[in-house]
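Step one of this worksheet: look at the structure below.
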Amino acid sequence: MSKKATFLPLNLSLSPFLLVLLYLLMLCVNVAHSAHEKKILSLHNNIWSLTKSNEPSSSCFSHNLAKGRESSSTTLGMKHRGLCSGKTIDWGKKLRRALTLDNLRVQSLQLRIKAMSSTTTDSISETQVPLTSGVKLETLNYIITVELGGRNMTLVVDTGSDLTWVQCQPCKSCYNQQGPLYDPSVSSSYKTVLCNSSTCQDLVAATSNPDRCGGSYGVEKTSCDYVVSYGDGSYTRGDLGSESIQLGDIKVENFVFGCGRSNKGLFGGASGLTGLGRSSVSLVTQTMKTFNGVFSYCLPSLEDGASGSLSFGDYKNLTSVSYTPLVQHPQLRSFYILNLTGATIGGVELESPSFGRGIIIDSGTVITRLPPSIYKAVKTEFLKQFTGFPSVPGYSILDTCFNLTSYQDVSIPTIKMIFQGDAELEVDVTGVFYYVNPDASLVCLALASLSNENEVGIIGNYQQKNQRVVYDTKQMKLGIAGENCSI
């Protein structure tokens, strides 16, 4: 006897519930499929709401924060120069002006790159000192304090320059700086670099200036003159000298630097500039025996007014550093160049024919510049994921802008840059948007396009915040690790 299958009657009263359950299940699947990596940005919890620096200018003198485990390493405090004036700050004006000045800096850097690239390889030697940096010093935002001949000097930090220099007495024409000028006459350790020395001859060769050792009016010149010209008309002129320099608790003797006697430009009240480039007169090269050609920095978020750090020598507190090779370019030896192989927005991989090309990483440039094809891909994907917010016209170099005054917090897509060797730089949440207006009525994606594909991209300091960036010039590699830089 065959058995017939029996079926229980379906309770039709459950069908609406099942339909809703099925709908929710499908919705969850779709959301999971389309989910993007995002982070929360608090729009009004920052220093822009303050009108005055909350500490006097004397606090801008940095100190030795932590001595390394080895005797050949040291760490200095590093501040954003905008917090050191002790004056009333119109943040809106300052932020807008910074964009204009940053654009001038990048234009000057591109001119410098073009000029250097057009030079034949054989005409540039290891000992030459390129001193035609296109630098707009108002945009070099971070400063440290060192002791030069026993006196505190605040110096702008710049990986795109080589020669370290300070304003000196007697000064023919100097800009206003905070604190006294360096006076070589009261230092027992100061020495003049002679005009016929190899250091001076290297300087002459690098700048293509005529040899000035002949003097004038029958008087033979003994000092070594230098001139550093900048693309915006700023400059420093003076003579080379050597002096002891104290970096934290480590002293370096016979450090060659520029003693500026005639200086013009927007240097923001700093004593001078410290060159962390790769030429023979840079601070990095001159301290090679002491620090093994290694330095690192951690740039704090300006929004909270905190200090970061600049370390020389092996930095021992790193746990998850990813390294990428430094690209060797025969004409651009002073720059730090990486191979940008890809990028993601909210976890979505981007495509561009310009990936696989060199990009400069620079502490002096503010806003990252990308080749047009890469920037277009970034902008397109970002706008796909950051939707529903009122857009407004762009400002200056920034063209992707919003009015976010009605929001306390926003969820923004993550931005990652990927380099050769799979090293990654995930832009900190505070480095994605630039506040053109402090009230968030004009907030823009903090990335900009270069004029054409042939220009060299630049990773600016705005996208390097809260990252430990390690420069190993001896092993020719650069390391990146996320780190809370505020101290």
Kindly indicate whether the side chain of Ser73, heavy atoms from C-beta on, has any atom under 4.5 Å from the side chain of Asp314. no
State, with a plain yes or no, whether a side-chain heavy atom of Gln475 is found less than 4.5 Å away from one of Tyr323. no
If only side-chain N and O atoms count, and only distance matters, is there a donor-acceptor pair under 3.5 Å linking Tyr190 with Ser244? no
Could you walk me through whether Thr274 and Val156 pass the side-chain contact (heavy atoms from CB on, under 4.5 Å) test, one step at a time? CA-CA 6 Å; Thr274 178; Val156 176; over 6 Å; no
Which heavy atom of Ser311 sits nearest to which heavy atom of Arg468, and what is that distance? OG-NH1, 3.7 Å
If every non-hydrogen atom of Gln420 is compared with every non-hydrogen atom of Pro325, which pair is closest and at what distance? O-CD, 3.7 Å
Would you indicate whether the side-chain heavy atoms of Ile459 and Ile360 approach each other to under 4.5 Å? no
What are the two closest heavy atoms between Ile367 and Leu99, and how far apart are they? CG1-CD2, 3.9 Å
Val427 and side-chain contact (heavy atoms from CB on, under 4.5 Å): which partner among Gln467, Met417, Lys465, Lys416? Met417
Gln178 side, atom CD; Asn152 side, atom CG - distance, nearest 0.5 Å: 13.0 Å
What one should report as the nearest heavy-atom pair of Gln463 and Leu425 is O-CD2, 3.4 Å
Are any of the side-chain heavy atoms of Cys401 and Val436 separated by less than 4.5 Å? no
What I'd like to find out is whether the side chain of Leu478 reaches to under 4.5 Å of the side chain of Ile361, using heavy atoms alone. yes
I'd like to check the side chain to side chain donor-acceptor pair (under 3.5 Å) partners of Gln286; sequence neighbours left out, ordered by chain and number. none
Would you check if there is a donor-acceptor pair between the side chains of Glu243 and Ser187 at a distance under 3.5 Å? yes
Take atom CG in Asn452; do more than 12 heavy atoms of anything else shown fall under 6.0 Å from it? yes
Taking all non-hydrogen atoms of both residues, which atom of Tyr182 and which atom of Leu148 are closest, and how far apart? CE1-O, 3.7 Å
Reported CD1-to-OG distance for the pair Ile480 and Ser320, which is rounded to 0.5 angstrom: 11.5 Å
State plainly whether the residues Arg369 and Asp362 are in salt-bridge range, i.e. N to O under 4.0 Å. no
Under the side chain to side chain contact (heavy atoms under 4.5 Å, CB included) rule, collect the residues that match up with Gln328, sequence neighbours excluded. Met476
Does Tyr235 have Lys264 sitting over its ring (NZ/CZ under 6.0 Å from centre, angle to axis within 45°)? no
Who pairs with Phe312 by ring-ring contact (aromatic ring centres under 6.0 Å, His included), at least two apart in sequence or on another chain? Phe291
Does Ser352 have any side chain to side chain donor-acceptor pair (under 3.5 Å) partners at least two apart in sequence or in another chain, and if so, which? Ser373
Hey, what do you get for CZ (Phe355) to CG (Asn339), rounding to the nearest 0.5 Å? 11.0 Å
For Ser173, side chain to side chain donor-acceptor pair (under 3.5 Å) partners two or more places apart: none
Which pair of non-hydrogen atoms, one from Leu447 and one from Tyr375, has the smallest distance, and what is that distance? O-CE1, 3.5 Å
What residues form a side chain to side chain donor-acceptor pair (under 3.5 Å) with Lys376, not counting sequence neighbours? none
Strictly by salt bridge (Lys or Arg N to Asp or Glu O under 4.0 Å), give each pair with a member in residues 287-298 just once, sequence neighbours left out. none
Provide the full list of salt bridge (Lys or Arg N to Asp or Glu O under 4.0 Å) pairs with a residue in residues 448-458, sequence neighbours left out, each pair given once. Arg357-Glu453
So Leu41 and Val432, do their side chains get closer than 4.5 Å, heavy atoms only? no
Do the non-hydrogen side-chain atoms of Cys171 and Asn263 ever get within less than 4.5 Å of each other? yes
Evaluate side-chain contact (heavy atoms from CB on, under 4.5 Å) for Ile374 paired with Leu350, printing each intermediate quantity in order. CA-CA 8 Å; Ile374 296 180; Leu350 305 181; 5.7 Å; no
Applying side chain to side chain contact (heavy atoms under 4.5 Å, CB included) to Ser441 and not counting sequence neighbours gives Asn403, Thr405, Asn437, Asp439
How long is the span from the CG atom in Asn103 to the CG atom in Leu398, to the nearest 0.5 Å? 10.0 Å
Okay, side chain of Tyr471, backbone of Val284: is any donor-acceptor separation there less than 3.5 Å? no
Got a sec, which residues hit ring-ring contact (aromatic ring centres under 6.0 Å, His included) with Phe386, two or more places apart in sequence or on another chain? Phe382, Phe389, Phe402, Phe433
Consider only side-chain N and O atoms of Tyr142 and Tyr297, and report whether a donor and an acceptor are under 3.5 Å apart. no
CG-OG1 distance between Asn461 and Thr365, expressed to the nearest 0.5 angstrom: 7.5 Å
Could Asp399 and Lys379 be called an ion pair, given the rule that one side-chain N must be under 4.0 Å from one carboxylate O? yes
CA sep, side-chain torsions, deciding dist, call: Thr473, Tyr336, side-chain contact (heavy atoms from CB on, under 4.5 Å): CA-CA 9 Å; Thr473 63; Tyr336 296 97; 3.8 Å; yes
Apply side-chain contact (heavy atoms from CB on, under 4.5 Å) to the pair Gln169 and Leu181, showing each step before the final yes or no. CA-CA 6 Å; Gln169 293 280 16; Leu181 273 62; 3.8 Å; yes
What's the separation between atom CG in Leu276 and atom CG in Asp158, rounded to the nearest 0.5 Å? 7.5 Å
Under the ring-ring contact (aromatic ring centres under 6.0 Å, His included) rule, collect the residues that match up with Phe255, sequence neighbours excluded. none
Results of ring-ring contact (aromatic ring centres under 6.0 Å, His included) for Phe335 - residues two or more places apart only: none
Does the side chain of Leu445 come within less than 4.5 Å of Ile415's, by heavy atoms? yes
Quick one: do Asp239 and Arg261 make a salt bridge, cutoff under 4.0 Å? yes
Check: Ser282/Ser279 side-chain N/O donor and acceptor closer than 3.5 Å: no
